[in-house]
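The structure appears right after this line, and notes come after that.
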Amino acid sequence: MDDTSAEGPANGPIDVEALKQKYQQEREKRMLANGREQYRVVDAGHAAEFLEDPHAQGIQRDPRTQDVEVLVIGGGFGGMLTAVRLQEAGIDDILIVDRAGDFGGTWYWNRYPGVQCDIESYIYVPLLEEIGKVPSRKYAAGGEILGYAQAIGRRFGLYDKALFETTVTAMVWNDADARWELSTSRGDKIRARFVCISPGPFPWPKLPGIEGIESFKGKSFHTSRWDYDYTGGEPGSDLLDKLGDKTVGVIGTGATGLQCIPVLGRNAKQLYVFQRTPSTVGVRDNQPTDPDFVASLKPGWQRERMDNFNATISGRPVDVDMVNDCWSRALSLLNGLSGDDPETIEKRQIADFQTLEDLRARVDAVIDDPETAKSLKPWYNLMCKRPGFHDEYLPTFNRPNVTLVDTEGNGIDRITENGVVANGREYPLDCLVYATGFEFMSQIDHRMGFDIIGRDGRKLSELWRSGYASLFGLHMHGFPNCFILGNAQQAITPNFTYLHMELSRHIAFIVAQAKARGIRAMEATPAATAAWVDKVMAFGPTRQRLQKDCTPSYINNEGQVTDLDIRNGFYLGGATAYNQMLAEWRADETMPGLEIR
Ligand code: NDP
């Protein structure tokens, strides 16, 4: 073994320098000068036909005029948890508004065939103990998760407090009355002392910004608006009985593509999968829930398991890895090597190479055709993209009716009225499915669909034009009594609901304190804001180091990690440290960093 070799568990020695070069070449192939701008975002003003809600109930109601203590925007798990924690803290005067027709957030919209949570459902679905449920499988299907959201809504009386199929269109602070004044798409006029916004990380679908999308004459839709009328079947079923005589194309092989492609492969006459970059595909090993596991659960089990997962993936020493899945095993290994000294950096890189060698070996073991296997191998570090886990995805490419169209990093050339052109060849299609992902962490006015007008008429988009500025990602100077969950400058973990659990508790604490102390308005001070921004920016060099050589994805701002991107990104000190800071803040009765009136 020479200096640049290391042990690879699956394939023997690995050539470190050759791998570095290969990763670099693969990255270069995919780097686009227009970065995020390569996409065409679908929103109310653009390609809005892709946004139509196939599940809408067509709710009829009169406009409301209402004054509430707290308005929650967003009925996903973040918004629901906030409402639940507020109620527990004695705040009942709550209204929840969501453009969807029900609770569930991402699980309301994403009902594509095969949809499943790729985080263990025992730690992902919140409030399981409170609703007295344990999911039926380690990784529950999307429909089951939607059912839990509805169960939470019923158990905590949230349906009586919800306005569905309703979009907030304006939000203006009235300083004299210390109230937010909101308008909605249904003509509601709502005044609220506090507003909690939980927009979700992926509010809008995106499409490739390539020529010809509008010219396609066949059927097309985005995975988050699956058209079962066209494909046949229904959410949760494996049978898409109208596709047996159809040629179907899918663009996108990320986490969503991995889940819907196996079902499409089983049902379509012919399936073409257009791939720009292969995902990593680790073992899923989904299992039905063991009754003995359920019988063993003691009160407080869910929080303990969530904390354990979070500690494990952060690389902290734990007695036992309770979840023990691909996430926890891979991330405990990599994040256990998080030092900034050259030796640890190199060790981590080698561990990452070895992890990927195993995943590439899995491709060879599963795929019959060597050329297809070659195309399905990923060449980048594990966390450059969201890691994928699936047991039916790779075998799908052994089916005679499924063809992988490897565009070798180029993406498709264009769309015509007949189908997709890739590698210079046209593939005629009856149906084209866009599994092309979502806008991620864009400017808040675009994510929300309206700007927030704070004290002195100041727009939040203007405040944040040169970069986000907040305390804990939660409070903004000039925007009193407004909280944003799941925001930039907050911690990040693959288990989003873990953070929502903590943030919702924190918000409920603050609102209850405000009520108890007669506080009319509170907002972050400029000094506390500057200090928090500095804390976020302090992780810039680490992020640059981890992501600068990455193949592009939404996680690394399409391969261009700038200072602005770091500032508009997450607090990278870890969820445990972040939660600890929030707990210490709550323990300090002076509400440090907030200007209180
Ligand atoms: P992604 O952004 O991860 O993937 C989009 C896909 O579209 C990529 O494969 C991308 O290729 C491809 N693509 C984009 N433009 C083109 C083009 N011009 N030509 C060819 N291919 C193109 O979106 P997903 O919807 O898959 O996932 C988004 C996120 O949603 C996940 O990362 C995850 O956080 C969440 N999610 C979570 C799930 C869960 O179980 N918890 C399940 C599903 C999604 P390239 O890689 O080259 O950019």
Side-chain angles (χ1 to χ4, degrees), residues 26-27 29-32 34-40 77 105-107 109-112 114-121 123-125 139-142 145 200-213 222-226 249-261 272-281 284 286 325-327 376 378-380 383-390 393 404-415 420-423 432-441 486 492-497 550-559:
E26 294 291 328
R27 167 187 152 88
K29 273 194 219 171
R30 292 169 171 84
M31 282 296 294
L32 293 177
N34 56 355
R36 286 159 80 127
E37 303 303 316
Q38 70 181 283
Y39 288 102
R40 174 187 298 207
F77 282 134
T106 196
W107 305 103
W109 296 107
N110 286 282
R111 304 194 201 186
Y112 56 83
V115 60
Q116 207 180 70
C117 187
D118 66 2
I119 294 291
E120 189 193 61
S121 47
I123 58 165
Y124 174 81
V125 179
Y139 306 95
I145 299 174
F202 303 113
W204 303 111
K206 62 186 173 33
L207 304 172
I210 46 176
E211 196 189 316
I213 285 193
H222 187 271
T223 44
S224 64
R225 303 289 188 279
W226 196 271
V250 183
I251 303 175
T253 52
T256 302
L258 254 55
Q259 295 182 342
C260 68
I261 284 167
Y272 291 107
V273 177
F274 299 97
Q275 174 188 275
R276 187 165 67 179
T277 310
S279 278
T280 56
V281 190
R284 170 82 307 170
N286 200 0
D325 70 356
C326 259
W327 281 107
L376 285 166
W379 299 98
Y380 47 83
M383 294 308 290
C384 290
K385 290 180 177 282
R386 185 166 173 109
F389 309 96
H390 214 285
Y393 177 74
L404 180 69
V405 181
D406 179 11
T407 66
E408 298 198 21
N410 294 316
I412 59 169
D413 302 342
R414 61 183 188 282
I415 294 173
V420 165
V421 179
N423 305 328
L432 177 55
V433 178
Y434 292 102
T436 42
F438 303 87
E439 185 184 59
F440 181 66
M441 301 308 289
I492 178 78
T493 140
N495 188 16
F496 287 165
T497 53
C550 267
T551 199
S553 76
Y554 73 82
I555 291 176
N556 52 55
N557 192 29
E558 299 301 331

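Atoms within each ligand, like the ligands themselves, are counted from 1 in listed order.
Nearest protein neighbour of atom 10 (C) of ligand 1, counting heavy atoms only, is Arg276 NH2, 4.2 Å. With hydrogens left out, the protein atom closest to atom 22 (C) of ligand 1 is Ile251 CG2, 3.8 Å, a heavy atom.
Residue contact annotation: Phe440 has no non-hydrogen atom under 4.0 Å from ligand 1. In this structure, Ser553 falls outside the shell of residues with a heavy atom less than 4.0 angstrom from ligand 1. Ligand 1 has Lys385 within reach: a non-hydrogen atom of the residue lies less than 4.0 Å from it.
Of the polar atoms of Thr436, none of the N or O atoms is found under 3.5 Å from an N or O of ligand 1, judged by distance alone. In terms of polar-atom proximity, defined here as any N/O pair under 3.5 Å, Arg30 makes no such contact with ligand 1. Below 3.5 Å of separation, one finds an N or O of Asp118 facing an N or O of ligand 1.
Residue contacts with ligand 1, taken as heavy atom pairs separated by less than 4.0 Å, do not involve Gln38 at all. Under 4.0 Å from ligand 1, the heavy atoms of Gln259 that appear belong solely to its side chain.
Heavy-atom proximity to Gln116, at under 4.0 Å, picks out these atoms of ligand 1: 39 (C), 40 (O). Here is the list of ligand 1 atoms found below 4.0 Å of a heavy atom in Gly252: 6 (C), 7 (O), 9 (O), 12 (C). Each of the following atoms of ligand 1 lies closer than 4.0 Å to a heavy atom of Tyr112: 42 (C), 43 (C).
Just one residue in the list Tyr139, Trp107, Phe496 forms a ring pair (Phe, Tyr, Trp, His ring centres under 6.0 Å) with Tyr124, and that residue is Trp107.
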